[in-house]
Amino acid sequence: MIIAAGLNSVYVFRIADRSPPLPSMAGGINYSRIIQIVTLLVFALGCGVRYTADWESLDARPLPQWFDDSKFGIFIHWGVFSVPGFGKFSEWFWYWWKALKYQQEIEFMRKNYPPDFQYADFAKEFHAEFFDPNGWAEILEVSGAKYVVFTSKHHDGFTNWPSPTSWNWNSVDVGPHRDLVGELAAAVRKKNLHFGLYHSMFEWFNPLYLADAASGFKNQDFVFGKALPELVQLVKNYKPDLIWSDGDWTAPDTYWNSTEFLAWLYNDSPVKDVVVTNDRWGKGCYCKHGGYYNCADRYSPTEVPTHKWEKCQTIDSLSWGYRRYMKATELLTLPNILKDMMYVVAFGGNYLLNIGPMSDGMIPPVFEERLRDIGSWLKINGEAVYGSKAWRNQTEPAVAPLYYTAKNNSVYAVIFGWPPNQRLQLSLPKTSKATNVTLLDYPNMPLTWKPVKGGGLVISMPPMAASAGNAWTLKLEGAA
């Protein structure tokens, strides 16, 4: 009998025709029986704590609780594409310019750069001279976010860390000459925030990827020579709490070897107990396989999903990467963001809000202002967000917009717009004599309320508290 530990499971083999029978001692100890029991125990323990490289097993892994409790994170798109900072979805600039040959990008380059200028030349101008990771971390902390997802590599293939498989096309060899991933990871963790990494599986113009695509993805030279080695290195070197995979949709998960990677990640990696993953692991995986579901950019379900989900949203409505010519009217306002966030939280999701820093390493002041204002609102109202659950109703049609959440023995009603005549009627909460109602701005001031025949209650509101986001939270303790 041979007991062997493999990559994803414990394997037990018995070679019956070559193994002699195991003797029993005269004292009654049966070695054969002992080995059978030990073998069964090893096998059972292995099966109980390890995941196999198939979706049925991987999808059964419980999601680490920290993610559901966090509710709010910040997405950061930063890289070589931040230098031109041009076009709708500026992070796709190279593809728009060279693959699809969009006239807008062609004219931009013709007017502003020499005829022989290549996309790779932008990397020399990606200086990040004002990048202060501790300064970023301070802004991220005061925003109220509990996790950060930073771009390790976008579809152009440029890596924000010294990838050995991306020679001269990474942030240490060219441009900033700094390990941007490593520096930000250290700074963010000092603030006790969870650090995650966005990572593109494919690269538009990588010759290995293009050759694999030409083979109908029968060949996997890009996967084993570039994609998987980089993912493993990121996990081992930076130990991310979250992997936000993307750029997978051109090929099935079998091409990307996704299940094998995830089995290693969940079983043997240094982050196996805490890491969270999304659902972008191959064509057909969206909203079906993975840790939590993104489903699509800006995904907004109309019913509470049965699986944990996340909405990614961007402050600049026209781009994830920085745009040098963005206008104030194209940006989400604070009330817009808070309404969007509370819709997501009310429906049981997490809210991942994106910013695009400038190529010099500065977070645009308008983005910083939004983040600080969100944080100020969450300081007062975060009790209705962090660690909350979807209630039995998410909204109340008669009082719009309003979003409900729940936690412990309390129901929270987040209202947008102050009720006229200082009176607010809610028809859905079930009250009792023990129900206590407060406004989170005045947590020690119980509000007067009366039950309504047929259900619900009418609340006498206090003087209106100042709110830049035009949003307030009522806490109904003891309501159901």
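This one's a predicted model, so the numbers in the text were calculated from it and none came from an experiment.
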Practice task
Say whether, by atom type as modelled, one donor and one acceptor occur between the side chain of His194 and the main chain of Trp66 under 3.5 angstrom.
Solution key: no
Practice task
For residues Trp264 and Val235, determine if any side-chain heavy atom of one lies less than 4.5 Å from a side-chain heavy atom of the other.
Solution key: yes
Fill in the blank from the handout: Phe158 and Ala123 have their tightest heavy-atom pair at CE1-CB, 4.2 Å
Handout entry: Side-chain (Arg298) to main-chain (Lys311) donor-acceptor, under 3.5 angstrom
Key = no
Handout entry: Backbone N/O of Val83 and side chain of Ser359: donor-acceptor pair under 3.5 Å
Key = no
Practice task
Please tell me if the side chains of Asn294 and Trp244 come closer than 4.5 Å, counting only heavy atoms from C-beta onward.
Solution key: yes
Exercise for the section: For residues Phe81 and His154, determine if any side-chain heavy atom of one lies less than 4.5 Å from a side-chain heavy atom of the other. Expected result: yes
Exercise for the section: Spell out, as yes or no, whether a donor-acceptor pair under 3.5 Å connects the side chain of Asn206 to the backbone of Leu208. Expected result: yes
Handout entry: Side chain Trp256, main chain Met201, donor-acceptor under 3.5 Å
Key = no
Handout entry: Aromatic ring proximity Tyr209/Trp204, centre distance under 6.0 Å
Key = no
Handout entry: Salt-bridge present (Lys146, Glu141; N to O < 4.0 Å)
Key = no
Handout entry: Sidechain N-carboxylate O distance under 4.0 Å for Arg280, Asp248
Key = no
Problem - Sub-6.0 Å ring centroid separation between Trp249 and Phe202 - result: yes
Exercise for the section: Kindly say whether Gly321 contributes a backbone atom to a donor-acceptor pair with the side chain of Ser90 at under 3.5 angstrom? Expected result: yes
Practice task
Give a yes or no answer on whether the side chain of Asp316 reaches the backbone of Tyr322 with a donor-acceptor pair at less than 3.5 Å.
Solution key: no
Exercise for the section: Could you tell me whether the side chain of Asp212 and the main chain of Phe222 form a donor-acceptor pair under 3.5 Å? Expected result: yes
Problem - Donor-acceptor contact present, side-chain Ser171 to main-chain Asp179, <3.5 Å - result: no
Exercise for the section: For Gln65, look at atom CD and say whether over 12 heavy atoms of other residues, nucleotides or ligands are found less than 6.0 Å away. Expected result: yes
Practice task
Would you mind checking if Lys98 and Glu105 are paired as a salt bridge, meaning a charged N to carboxylate O distance below 4.0 Å?
Solution key: no
Handout entry: Separation of Tyr412 OH from Lys389 NZ (nearest 0.5 Å)
Key = 13.5 Å
